[in-house]
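To start, the structure itself, in structure tokens.
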Amino acid sequence: MTDYDVIVVGCGPAGLMACEELAKKGINALGIDKKPRLDRNIRSASGFCFLDQPFMNETIRMESTGNKTRYHYTDSGFTIDYSAPMEGIYHSHMFSDTGKHWQASTRKKPFYNIFDPDHWISDRYKCAVENGAEFLPGTLVLKAKQSPGRVEITVRTNGKNRTLTCKKLIASDGLSSRVARSIKANQNRTNYGTGAHLEYEMTDVDCTYDRGDMFFFGAKNFGGRAGALIMIPSPNGKNAYRVLTMSVLPASNGTDILEYFINEGPYAHWFKKSKIIDRSGALVELMTPMITPYVGNILFVGDSAAWAECLYQCATMAGYKAAEFTDMELNGGKGFDEYSKWWQDHFEWIKNPKKMADYGKRIFLPRFFTVEELDFLFDLAEKNPIVVDEAEASPFDFAAMVFHHFMAMPEVPEYLKQRMQEVIDADQAKVATVIGKVQKA
Ligand SMILES: Cc1cc2nc3c(=O)[nH]c(=O)nc-3n(C[C@H](O)[C@H](O)[C@H](O)COP(=O)(O)OP(=O)(O)OC[C@H]3O[C@@H](n4cnc5c(N)ncnc54)[C@H](O)[C@@H]3O)c2cc1C
């Protein structure tokens, strides 16, 4: 006998979706999360959403229904509702160390849409509860242990420890999964280090550029500190943005960069009248993905098994599939093997490991060029702006799209074109030699 048939550890987008689907199937399941409120997002998650284009071998068709949006997962075969409209983003900007500006625009179809992670989480939680899902919030899962046909977890609620048991465990506890560490499931993964992120959501930002994402590079923008900063339009106001830093540890680097940027840097005047409406942070441990994301009766779902991030849209899809295949496993089928095949077939960085590198190339772009080279390229881009009708600019393809644009310009010298081709071809090991040292997990 076990307390539950299934326990879901971690109720982010993956875990909440799994709980909702398990409840719909009438499976005796419990969702556990350390957060006291499961209808709130507290971790930085900037709001990029890639719809109406193939992404992770799924195409999510967006249907606007008044003030709401319906997402049709056309490959995985399910539909969810999001209780707010989406905003398409048609412009993308980069700013060099010396203030040079680069812009790409698309006219008919947006590069991507933006959403509010808080809305997404509260919608999924509400649906799960409406379908009868059971939750245990405010509870930290400390460790997991397996014996044949059974998983035992130690949990702590209000300072008191106890154990709970289940037949199958879905570990959707995100990056740096504690469940994975407790059963040593990360031993074959390569660790490329941990980065710190800090995000302020700000309204009334007085930015005159076309509404779009903005990448800022270079020490001058950050008072001599190393790092990068992105501004992403936020759905919470016409002039609202999420301002997000990326830096090495300690996490206080992020605070220093962000505070300098909005109070003293060359663009501080944009923020004179702005208000901070939300603050969040996150540590991101970059590990190669799990290829077979289960060990015995424990299935790793969403970011717990991923390279960097599944994003909300794909973590949700992983949660849906996890419920479907856990049901099969409970009924004596090879559900976890089937989930593994689906995982390997859909997530780009498993099918083709070079995609791990492609995912970060835009952020690391300035590391491959000198300040003078970037200025030269950005000056050229000012004369030859990138304007396309439609772009499928997923995070995997964006850097290559930019480079191909420059490589087509006769003014760009051959040695720079060669460098761009090298960056396009670089795998994660090559990128890591440029950005830092590789460590073993
Ligand atoms: C800086 C940053 C920017 C991002 N930008 C975007 C973006 O633009 N668009 C996008 O879609 N996604 C973005 N993401 C990624 C997105 O947040 C993740 O891919 C997504 O949240 C993964 O969902 P998940 O359910 O797998 O894990 P998570 O969302 O991490 O959920 C894990 C859950 O497990 C709980 N938990 C963890 N450990 C325990 C434990 N031991 N006991 C109990 N509970 C536990 C946590 O409280 C959490 O609720 C971003 C992430 C970061 C850090």
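Both ligands and their constituent atoms are indexed starting at 1 by order of listing.
Side-chain atoms of S122 come within 3.5 Å of backbone N or O of H119 as a donor-acceptor pair.
Below 30°, between 30° and 60°, or above 60°: for F216 and W270 the angle between ring planes is above 60°, a perpendicular geometry.
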Show the atom names and distances, to 0.1 Å, of all donor-acceptor pairs under 3.5 Å that link a side chain in residues 305-312 to residues at least two apart or in another chain.
unit_1: W307; atom_1: NE1; unit_2: M356; atom_2: O; d: 3.2
unit_1: E309; atom_1: OE2; unit_2: Y359; atom_2: OH; d: 2.8
unit_1: Y312; atom_1: OH; unit_2: N41; atom_2: OD1; d: 3.2

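Residues meeting the side-chain contact (heavy atoms from CB on, under 4.5 Å) test with I42, sequence neighbours left out: K35. Considering only residues two or more places apart in sequence or on other chains, T203 meets the side-chain contact (heavy atoms from CB on, under 4.5 Å) condition with A240, K275, I277.
Within 4.0 Å of ligand 1, the residues that place a heavy atom are G10, C11, G12, P13, A14, D33, K34, K35, R43, S44, A45, S46, G47, F48, F115, T139, L140, V141, S172, D173, G174, R178, H197, L244, A282, V284, G302, D303, E309, C310, L311, Y312, A315, listed by chain and number.
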Using the side chain to side chain contact (heavy atoms under 4.5 Å, CB included) rule, take N186 and M287 through it: C-alpha gap first, then chi angles, then the decisive distance, then the call. CA-CA 9 Å; N186 289 335; M287 266 195 280; 3.7 Å; yes
